[in-house]
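Throughout, a chain's letter reflects where its sequence line sits, starting with A, and its residues are numbered from 1.
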Amino acid sequence: MYMQQKYNPHAIERDAQKQWDESGAFRAAESADKPKYYCLSMFPYPSGKLHMGHVRNYTIGDVLTRYHRMKGYNVLQPMGWDAFGLPAENAAMANNVPPAKWTYDNIAYMKKQLMSLGLAIDWSREIATCKPDYYRWNQWLFLRMLEKGLVYKKTGTVNWDPVDQTVLANEQVIEGRGWRTGAVVEKREIPMYYMAITRYADELLAALDTLPGWPERVRAMQANWIGKSYGVRFAFPYTLDDKDGKLWVFTTRADTIMGVTFVAVAAEHPLAARAARDNPKLAAFVEECRHGSVMEADMATMDKKGMPTGIFVVHPLSDEKIEVWVGNYVLMGYGEGAVMAVPGHDERDFHFAKQYQLPISQVVDVAGKTFSVDAWQDWYADKENGRCVNSGKYDGLAYSAAVDAIAADLKAKGLGEKQVLYRLRDWGISRQRYWGCPIPIIHCNACGDVPVPDAQLPVVLPEDCVPDGAGNPLNKRADFVNCACPACGKPARRETDTMDTFVDSSWYYSRYPCSDNDKAMVDARTSYWMPVDQYIGGIEHAILHLLYSRFWTKVMRDFGLVKYDEPFANLLTQGMVLNEIFSRKTDSGRIVYFNPADIEIQVDDKANRCGAILRSDGQPVESGGMGTMSKSKNNGVDPQALIDEYGADIARFFMMFASPPEDTLVWNDAGVEGSSRFLKRLWTYGVRVRNGGGPTIAAGLQKTTRLEIHTVLKQANYDIARHQFNTVASASMKILNALDRLAGVEGEVVREGLSILLRLLAPITPHISHQLWRDLGYGEDILSAPWPETDEAALAQDEIALVVQINGKKRGDVRVPHDADRAAIENIVMADPAVQKHISGQPVKKVIVVPGRLVNIVV
RNA sequence: GCCGGGAUGGCGGAAUUGGUAGACGCACGGGACUCAAAAUCCCGCGGUGGCAACACCAUGGGGGUUCGAUUCCCCCUCCCGGCACCA
C-alpha cells in the first residue's frame with residue numbers, strides 16, 4: 001500500500017474505523033481462555049452533542065480498554081444512553097417537540113460523534129433507558145421490592161411553584177424562586193414511593209473496606225454520607241390539652257444533657273403546628289419557614305431564626321421546665337425533627353441562644369480552661385478531654401462514661417435508650433414528571449394502590465406527549481391514565497409519577513452483557529462479565545449514583561439475581577472539565593447563560609481584564625467564575641470542532657496530555673498545536689524509516705539510545721498502571737525525540753524503538769498507530785500486539801551519576817562505578833575539588849548516602 | 001454551613017511518594033531555510049544580582065518536624081466538586 005508522505009489523520013481514521021467495524025474487532029465474546037476485563041465508562045445523558053467531559057471520559061476508558069487488550073485480557077467495553085430526564089422536557093417546551101423525538105435524534109447524532117472518536121466499543125450491546133425493553137425491568141424489580149417492603153409509600157417534601165402549579169427540581173429553583181415564573185417556591189408534602197436504602201446502610205458502610213480499588217476520597221465521602229452516628233434517643237415528657245405526650249429527640253452528646261436550656265423543633269413538627277393554632281405570630285413564622293427551597297445547602301446557610309411556642313416540656317433527668325422553640329434550621333427529615341439545645345457545648349445552639357437571650361450553662365469542663373458566655377470557643381465542644389460539671393451525679397465523668405450512665409438512667413425511666421442513627425435517608429423515587437419510567441401502580445377506589453401484574457409489564461410510556469411546564473402531561477392522557485383495576489376489574493387510574501432517573505442508571509451495567517434477553521433482567525452472561533473491572537466517570541457522581549448502584553446490586557443479590565456484592569471493583573473518578581460561566585439576569589429575575597464562545601473579554605490599556613460582553617449585542621455580561629461544563633450553564637465547548645479540524649487521534653492525545661485524568665481541568669485548547677505537531681513528526685519519522693537508507697547508526701550510540709528508551713519505557717509502564725496518562729504521552733514524545741536525534745534510521749535500535757513507541761501510543765492514538773504498524777511491517781494488527789515491556793539488560797550502566805549536596809543544597813555531581821560501596825562513594829565525593837571548595841575546612845559532621853541518588857555532607 | 005479535593009514559571013503540567021524543583025509540551029524571544037510568508041529545523045527561556053564562574057530567592061500564605069520538605073504535621077486564604085428532584 002502506498003504510504004502518504006503527509007500525515008492525513010482524517011483518511012487514516014476513516015480507513016482504520018472501517019476496518020475495525022467490518023472485522024467486528026470490538027465484539028466481545030463470553031467464552032475465552034483469557035481473563036475477562038469489563039471496562040465501563042458512565043453512560044452519557046443524550047443532551048444533544050458530546051461535550052469535553054465526554055471526550056475525556058471516553059478517551060480514558062478507551063485507553064484502558066485497549067491497554068488491557070494488549071496486556072492479554074478478554075475485554076468488553078459497551079455503551080448506552082441514560083435517556084430519561086428533565087432536559088428533554090425543557091427542550092420539548094422550548095421547541096414544541098416530544099421529548100422522545102428530541103432524545104432519539106440526540107442519540108443518533110451523539111453515537112456518530114462517539115464513533116468518530118474511534119472508541120473500541122462493542123455497539124451490539126447498546127441500550128437506551130427510555131426503551132420499554134430496558135425499563136420494564138425497573139418496573140419488575142420495583143414490584144419485587146414492593147412485595148418485600150423494600151419499596152413503601154410515605155409523604156415527602158418537594159419544591160412547589162405556586163404559579164405554574166407544578167413540582168420543581170432543585171435545579172429549577174434559583175435563589176428560592178421558580179426559574180420560569182420567578183415565584184417564591186413553597187415546600188409541599190406529597191405522597192411518594194421510597195426505596196429502603198437505609199436497611200442496607202450498615203452493609204454499604206462496612207463494604208467500603210472491600211473496595212481497595214476505589215479512591216480513598218470517594219470512600220470517605222460515601223462513609224460521611226451514610227453518616228453512622230452513635231447516640232441516644234430520648235424524650236421530654238409534656239402535658240398538653242390534658243393529654244400526656246413525649247417529645248423525642250436524638251443526640252450524639254448525651255453527656256451534655258444537663259446543659260439543655262431549650263428544645264427546638266422543625267416548623268413541620270406537630271408540636272409547632274399545635275402551638276401555631278392559637279398564636280398568629282408563630283403561625284406566620286411557621287408559614288415563613290414553608291417558603292424557600294428544600295435544598296440542604298440553602299437550609300444550612302440561611303439565617304438561623306426561631307420563635308418560642310409557649311409550650312413547655314419536662315427535662316427527663318432534672319425535671320426542669322424547658323421551653324419548646326421552633327427553629328428554621330431543624331430538619332424534619334433527620335432524626336426526630338426535634339433537637340435538644342445545649343448552648344454551652346454546641347456552637348449553633350450557642351449562637352442561637354445569644355441571638356434570643358436564652359440561658360447558656362456550662363456542664364463540661366476541660367482542665368485549665370475558663371468558660372465564658374461572651375464568645376464561643378472550640379474547646380466547649382471537646383468530647384475527648386471534657387469532664388462533666390454542674391451535672392449532679394454525673395460530675396467528673398468523661399464522655400463515654402457519662403453517655404453510658406445517662407442512657408441507663410433514661411432507660412430505667414422508660415424515656416430513652418442508646419440508638420444508632422444514620423444520616424442516610426431512604427430514597428424517594430417518585431417524580432411528578434413525564435419523561436421517565438412509569439411507576440407500575442394502579443389506583444383503585446375500592447382496592448387502593450394495586451401493583452401492575454407482571455403479565456402486564458411493561459407499563460409503556462406514550463412517546464408523543466409535549467409537556468407545557470404546568471404539571472405532568474400524563475395526567476391529561478386518558479388513554480394512559482384510565483385502566484381496569486387488576487384486582488377487581490373496575491375502572492381505575494394509573495399512577496402518573498415516574499421514577500427518578502437514578503433508578504435507570506443504578507443497574508444498566510448489569511444489562512449490557514445480556515441486553516438482548518427479553519425473558520429475564522440478567523442472565524449467565526451477566527455473571528461472566530460482572531463485576532465491572534474498571535469503572536470510569538466524573539467525580540460529581542462520587543456519592544449518589546455510585547451509592548444507589550451499590551444498593552441496587554445488593555438488592556439484586558438478595559433476590560438471587562446476581563452473585564456479586566459490589567458492582568465496581570475499580571473506580572477511576574475523572575476530574576471535571578471547567579469553563580467560565582457567563583450570564584445575565586433578566587427583568588423577571590430569570591438567569592440567562594451565554595456560551596463562552598460568544599463572549600468577548602475586554603481589557604484595559606494595561607491589558608488587565610475589565611469586563612466581558614456578548615458579541616451579538618455588545619452589552620456586558622456577568623462572569624460567574626469557573627464551573628463544570630454543562631448544558632444548564634451553557635458553558636460547554638463543542639469538541640466536534642476540534643475533531644473536525646485535527647482528527648480523533650490529536651484530540652485524544654491532547655486530552656490525555658493536558659492533565660492527569662483525576663485532576664480538574666480548566667479548558668484551554670492553546671496546547672493542541674503541540675499534540676498536532678507531535679503526531680505529524682511521528683508520521684514523518686515513520687515515512688523516513690520506511691524509505692530507509694543513510695548510514696547505519698554507530699553501536700555506541702545505539703546502546704545509549706536503547707538505555708534512554710528503556711528508561712523512559714519503564715517509567716511509562718509505571719505511569720500507565722497508575723492511570724497517569726499525561727506522562728505516558730510525554731514518554732512517547734521523549735522516545736520520538738531520542739530516535740529523531742539519531743543521525744540515521746538504519747539500525748536495530750530504530751526498529752525496536754519505533755515498535756515500542758507505536759505500541760505505547762496505540763491506546764491513546766489508535767488510528768495512526770494502527771496504520772504505521774502495518775505500513776512498517778510490524779504485523780497485521782496492533783490491537784492485539786503484546787504490550788512493550790522493559791528490557792532490564794538495556795538499563796545496565798557502568799557508571800552512575802550522584803548528586804552531591806552540602807547541608808542539603810546541591811553543589812555538584814560526581815560519577816561513580818555502579819557497584820561502588822558507601823566507603824568508595826565517600827572517598828570519591830570527598831576527593832572532588834568542588835566539594836572541598838564548599839567545605840572549605842569546616843568539620844564534616846555527617847555524610848548521608850542515598851544509594852543511586854545523592855550524597856549529602858553536613859558540616 | 002457541612003463533607004471531599006486542589007493551589008508548582010506567562011500557561012498545561014513533571015518530580016520514581018522525604019532526596020537535583022520546573023521533565024514533556026504550549027506561548028514567547030533569537031537564528032537557519034525562503035523573494036516573502038506558512039510549514040519545518042536549531043538555540044534560549046522561573047526571579048534577582050553578576051561580563052562570567054557563580055550566588056541568593058522561589059512550589060497559595062504563616063509556623064513546625066528533618067541532614068534534606070512541592071511531598072509529613074498544625075493554622076489560614078482562595079478555588080473546585082457534592083449536599084439527596086441536573087445528570
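Base engagement by A:Arg425 is indicated by at least one non-hydrogen atom pair under 4.0 Å involving a base atom. Among the protein residues, A:Gln432 comes within range of the nucleic acid bases, having at least one heavy atom under 4.0 Å from a base atom. At a threshold of 4.0 angstrom between heavy atoms, the contacts of A:Ile857 with the nucleic acid are absent. Nucleic acid contact for A:Gly538: none, since no nucleic acid atom lies under 4.0 Å from a heavy atom of the residue. Among the atoms of the strands shown, base atoms are found under 4.0 Å from some heavy atom of A:Leu544. Residue A:Pro660 is classed as a sugar-phosphate contact, given heavy-atom separations below 4.0 Å to backbone atoms only. Residue contacts shown for A:Glu662 are absent, as no nucleic acid heavy atom lies under 4.0 Å away. When heavy atoms are screened at a 4.0 angstrom cut-off, A:Ala658 is found touching the sugar-phosphate backbone but no base atom. Residue contacts shown for A:Arg348 are absent, as no nucleic acid heavy atom lies under 4.0 Å away. Across all strands shown, A:Phe657 has heavy atoms under 4.0 Å from base atoms, whether or not it also approaches the sugar-phosphate. Using a 4.0 Å heavy-atom criterion, one finds that A:Val672 contacts no nucleic acid atom at all. Using a 4.0 Å heavy-atom cutoff across all strands shown, A:Met299 reaches no nucleic acid atom at all. At a threshold of 4.0 angstrom between heavy atoms, the contacts of A:Met192 include nucleobase atoms, whether or not backbone atoms are also involved. Among the atoms of the strands shown, only primed sugar atoms or phosphate atoms (P, OP1, OP2) are found under 4.0 Å from some heavy atom of A:Val858.
A:Tyr134 and A:Trp81 are not linked by any side-chain donor-acceptor pair at a separation below 3.5 angstrom, with hydrogens and angles left out of the test. A side-chain N or O of A:Arg681 and one of A:Asn737 form a donor-acceptor pair less than 3.5 Å apart. A side-chain N or O of A:Asp497 and one of A:Gln432 form a donor-acceptor pair less than 3.5 Å apart. A:Gln165 and A:Asp161 share no donor-acceptor pair across their side chains, judged by distance under 3.5 Å alone. Side-chain N/O atoms of A:Gln724 and A:Thr727 include a donor and acceptor closer than 3.5 Å. If you check the side chains of A:Thr166 and A:Arg180, you find no donor sitting under 3.5 Å from an acceptor.
Of the candidates B:A84, B:C86, B:U20, B:C86 carries the atom nearest the A:Ala169 side chain, counting heavy atoms from C-beta on. In this structure, of B:A84, B:C67, B:C41, it is B:C67 that holds the atom nearest to the side chain of A:Lys846. For A:Arg217, the side-chain atoms get nearest to B:G4 when compared with the rest of B:C86, B:C83, B:G4. In the set B:U17, B:G1, B:A27, B:A27 carries the atom at the smallest distance from any side-chain atom of A:Glu673. Proximity note for A:Met626 (side chain, C-beta onward) versus B:A84, B:C80, B:C57: the nearest is B:C80. Nearest nucleotide to the side chain of A:Val850, out of B:G4, B:G25, B:G19: B:G19.
When the side-chain nitrogen and oxygen atoms of A:Asn224 are compared with OP1 and OP2 of B:G4, one or more of them lie within a distance under 4.0 Å. In this structure, A:Arg677 reaches the B:C26 phosphate: one of its side-chain N or O atoms is under 4.0 Å from OP1 or OP2. Taking side-chain N and O atoms only, A:Asn726 has a distance below 4.0 Å to OP1 or OP2 of B:A14. The side chain of A:Ser730 contributes no N or O atom lying less than 4.0 Å from OP1 or OP2 of B:G25. Phosphate contact (OP1/OP2 of B:A55, side-chain N/O of A:Arg811, threshold under 4.0 Å): present. Distances shown here put a side-chain N or O of A:Gln724 below 4.0 Å from the OP1 or OP2 atom of B:A15. Note on A:Lys810: every side-chain N or O is 4.0 Å or more away from OP1 and OP2 of B:C56.
B:G6 adopts an anti glycosidic conformation, its chi angle falling more than 90° from 0. Taking syn as a glycosidic angle within 90° of 0, B:U65 does not qualify and is anti.
The separation of B:U17 from B:G25, taken at their C1' atoms, amounts to 24 Å, rounded to a whole angstrom. Separating the P atom of B:U40 from that of B:C45 is a span of 22 Å, rounded to the nearest Å. Between B:U8 and B:C80, the two P atoms lie 15 Å apart (nearest whole Å). Nucleotides B:A7 and B:G13 are separated by 9 Å at their P atoms, to the nearest Å. Here, B:A21 and B:A15 have their C1' atoms 7 Å apart, quoted to the whole Å. B:A14 and B:U59 have their C1' atoms separated by 12 Å, with the value rounded to a whole Å. One C1' atom belongs to B:C79, the other to B:G31, and the distance between them is 42 Å to the nearest Å. Atom C1' of B:G12 sits at a distance of 29 Å from the matching atom of B:C56, rounded to the whole Å.
For A:Trp81 and B:A87, the CH2 to C1' distance is 14 Å, given to the nearest whole Å. Atom CD1 in A:Ile226 sits about 16 Å away from atom P in B:C3, given to the nearest Å. Residue A:Asn856 contributes atom CG, which lies 10 Å from atom P of B:A69 at whole-angstrom precision. Separating the CG atom of A:Leu854 from the P atom of B:A15 is a distance of 18 Å, rounded to the nearest angstrom. In this structure, CG of A:Asn57 is placed 15 Å from C1' of B:G81, rounded to the nearest angstrom. Rounding to whole angstrom units, CD1 of residue A:Ile735 and C1' of B:A23 are separated by 14 Å. Atom pair A:Asn668:CG and B:G10:C1' shows a separation of 12 Å (rounding to whole Å applied). In this entry the distance linking NE2 of A:His541 with C1' of B:A84 reads 14 Å, nearest Å.
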For RNA chain B, the dot-bracket pattern of Watson-Crick and G-U pairs whose distances stay under 3.5 Å, | for other-strand partners: (((((((..(((......[....))).(((((.......))))).((((....))))..(((((..]....))))))))))))....

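Residue-to-nucleotide proximity on RNA chain B shows that, of A:Leu665 and A:Asp740, the 5′-proximal contact is made by A:Leu665. Mapping A:Ala801 and A:Gly85 onto RNA chain B by nearest heavy atom places A:Ala801 closer to the 5' end of the strand.
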Run the ring pair (Phe, Tyr, Trp, His ring centres under 6.0 Å) test on A:Trp427 and A:Tyr194 for me, step by step, so that the C-alpha distance in whole Å, both residues' side-chain angles and the decisive distance to 0.1 Å come before the verdict. CA-CA 5 Å; A:Trp427 176 15; A:Tyr194 283 81; over 10 Å; no

Go through the steps for A:Glu673 and A:Lys680 under the test salt bridge (Lys or Arg N to Asp or Glu O under 4.0 Å), then give the verdict. CA-CA 10 Å; A:Glu673 278 299 330; A:Lys680 272 187 215 165; 5.3 Å; no

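With A:Tyr329 as the aromatic partner, A:Lys305 does not meet the cation-pi criteria of under 6.0 angstrom to the ring centre and within 45 degrees of the ring axis.
By the 4.5 Å heavy-atom criterion applied to side chains, A:Met79 and A:Tyr58 are counted as neighbours.
Here the closest heavy-atom approach between residue A:Asn579 and residue A:Val637 is recorded as ND2-CG2, 3.2 Å.
Classification of the A:His54-A:His51 ring pair by plane angle, with boundaries at 30° and 60°, yields parallel.
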